[in-house]
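So that we are looking at the same thing, I have put the structure below in structure tokens.
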Amino acid sequence: MAKSPQEEHPQKAFGWAARDSAGILSPFNFSRRNTGPKDVSIKIMYCGVCHSDIHFVRNEWGFSEYPMVPGHEIVGIVTEVGSEVKKMKVGDKVAIGCMVGGCDKCDDCTKGLESYCRDTILTYNYIYHDGTRTYGGYSDWIVAEEHYVVKFPDTLPMDSGAPLLCAGITVYSPLKYYGLDEPGKHLGVVGLGGLGHLAVKFAKAFGVKVTVISTSPSKEKEAIESLGADAFLVSRDLEQMKAATGTFDGIIDTVSAQHPLQPLLDLLKNHGKLVMVGAPHYTKTEKPLELPIFPLLVGRKLVAGSATGGMQETQEMIDFAAEHNITADVEVIPMNYINTAMERLLKGDVKYRFVIDVANTMARLN
Ligand code: NAP
Ligand code: ZN
């Protein structure tokens, strides 16, 4: 019989886990492996709350397994390193994002595009090389291969820097790959949440003109005055949308729920690109988003996607963020607030990312 999560590894660990698709989190004792030769063990200081954590705990993508400890925006301090570890030492500030492993030999892994490896191992809700489940950053410590850990710049705050590990790299990578980082281009950012607000900040640092496209008129003032967006469109205001037809070089869509794509395709110039990074529910019982084909043909428009970013690019992104003072706008919360935080996140009631103060609020059960 398989060992329990508490007994399968030699080292005790503690976190908060969802037990079923109701997605309610509660305290959870489990275990983690010893620090292997290539591993780094990390005391977790902060962990961001990504909307993907909600999709996962509620099984909205249809492949969740329980118990599940979410969390993939992890910042912490190295407590132990293996004998073959080269880049990191005890006491260093480090960070982990969406992945903790991969095949390390496919075309993508060897090019530093680990997030596209067919055998990528996500930070939680996946099976690690040793056959045990991965548990994420809503926990007191974690152990991971050095290759999947990045150095966290000393000048960045650990709390508001944590969301860079998923939200940050997930918008930085496609802006670069799809050429939407060129100064003077006009970019639309759909959905002003965790990912969206960082897309605005990175795009402005690249010198791009940014228009936020949002369902929430109440976000306009802040989008322009404090995030630095150049303009704001209310997506439900058909007149505003019509007036902006054909004016965007690219759009990055961070929306977490079902929504129509035709109005966004209409906003693009000919040859423009709509890049999807939001991941609305899509289970076997639910319909996927509808993709109208005619606007693609007549305007030679492109609809594309992007999944977080590779390890090298994650390091590049976080160094760029440090250089340009880019951090997330965060509300720091104690661990026992997580269920309320998830409810509020679903209502769009956070500006713009919850971050759990793990080190100060994660009390072990025993
Ligand atoms: P979030 O903070 O909840 O932001 C999502 C935003 O989408 C909301 O703030 C809201 O912005 C807009 N929105 C929500 N419901 C909507 C609806 N029914 N119609 C239109 N707009 C709606 O979420 P997040 O953490 O940024 O994550 C966003 C999505 O990206 C999630 O699906 C997440 O799973 C996905 N994700 C993907 C990757 C990847 O690798 N591709 C990585 C991380 C996250 P407004 O109020 O401005 O409309
Ligand atoms: Zn995420």
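The basis for the numbers below is simple: all heavy atoms, side chains too, and nothing from hydrogens, waters or symmetry mates. When a ligand or atom number is given, it counts from 1 through the structure's own listing order. Keep in mind that what you see is a predicted model, and the values were worked out from it rather than measured.
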(message) For atom 8 (C) of ligand 1, which of the options His51, Lys219, His197, Arg353 provides the nearest non-hydrogen atom?
(response) Lys219
(message) Tell me every residue that passes side-chain contact (heavy atoms from CB on, under 4.5 Å) with Phe63, counting only those two or more places apart in sequence or in another chain.
(response) Phe56, Trp61, Asn125, Tyr126
(request) Would you mind checking which non-hydrogen protein atom is closest to atom 28 (C) of ligand 1, with the distance to 0.1 Å? (result) Thr254 O, 3.0 Å
(message) With the threshold set at under 4.0 angstrom, would you say Ala167 reaches ligand 1 through any of its heavy atoms?
(response) no
(message) Just to verify, what does Glu145 make a side-chain contact (heavy atoms from CB on, under 4.5 Å) with, not counting sequence neighbours?
(response) Asp39, Asp104, Tyr128, His129, Tyr148
(message) Any salt bridge linking Lys273 with Asp249? Criterion: basic side-chain nitrogen under 4.0 Å from a carboxylate oxygen.
(response) no
Hey, can you pull the donor-acceptor pairs under 3.5 Å for the side chains in residues 316-328, sequence neighbours left out?
from   : atom 1 : to     : atom 2 : distance (Å)
Glu316 : OE2    : Tyr172 : OH     : 2.6
Asp319 : OD1    : Gln315 : NE2    : 3.3

(request) Can you pull out the closest protein heavy atom to atom 4 (O) of ligand 1? Residue, atom name and distance to 0.1 Å, please. (result) Gly193 CA, 3.4 Å
(message) Between Glu313 and Lys111 (salt bridge meaning N to carboxylate O under 4.0 Å), is one present in this structure?
(response) no
(request) Report yes or no: does a heavy atom of Phe56 sit under 4.0 Å from some atom of ligand 1? (result) no
(request) Show the numbers, then the answer: is there a side-chain contact (heavy atoms from CB on, under 4.5 Å) between Ile96 and His72? (result) CA-CA 7 Å; Ile96 293 180; His72 59 205; over 6 Å; no
(message) Among all the protein's non-hydrogen atoms, which is closest to atom 15 (N) of ligand 1, and how far away is it?
(response) Ala257 CB, 3.9 Å
(message) Using heavy atoms and a 4.0 Å limit, tell me yes or no: is Gly348 in contact with ligand 1?
(response) no
(message) Nearest 0.5 angstrom please: Cys47 SG to Glu73 CD, how far?
(response) 7.0 Å
(request) Applying side-chain contact (heavy atoms from CB on, under 4.5 Å), run through His197 and Lys351 and close with a yes or a no. (result) CA-CA 9 Å; His197 92 293; Lys351 285 186 173 161; over 6 Å; no
(request) Can you pull out the closest protein heavy atom to atom 33 (C) of ligand 1? Residue, atom name and distance to 0.1 Å, please. (result) Ser52 OG, 3.4 Å
(request) With 2.8 Å as the limit, jot down which protein N, O or S atoms are around the Zn ion (ligand 2). (result) Cys50 SG, His72 NE2, Cys166 SG
(request) Give a yes or no on whether a salt bridge exists between Asp329 and Lys201, defined as a side-chain N under 4.0 angstrom from a carboxylate O. (result) yes
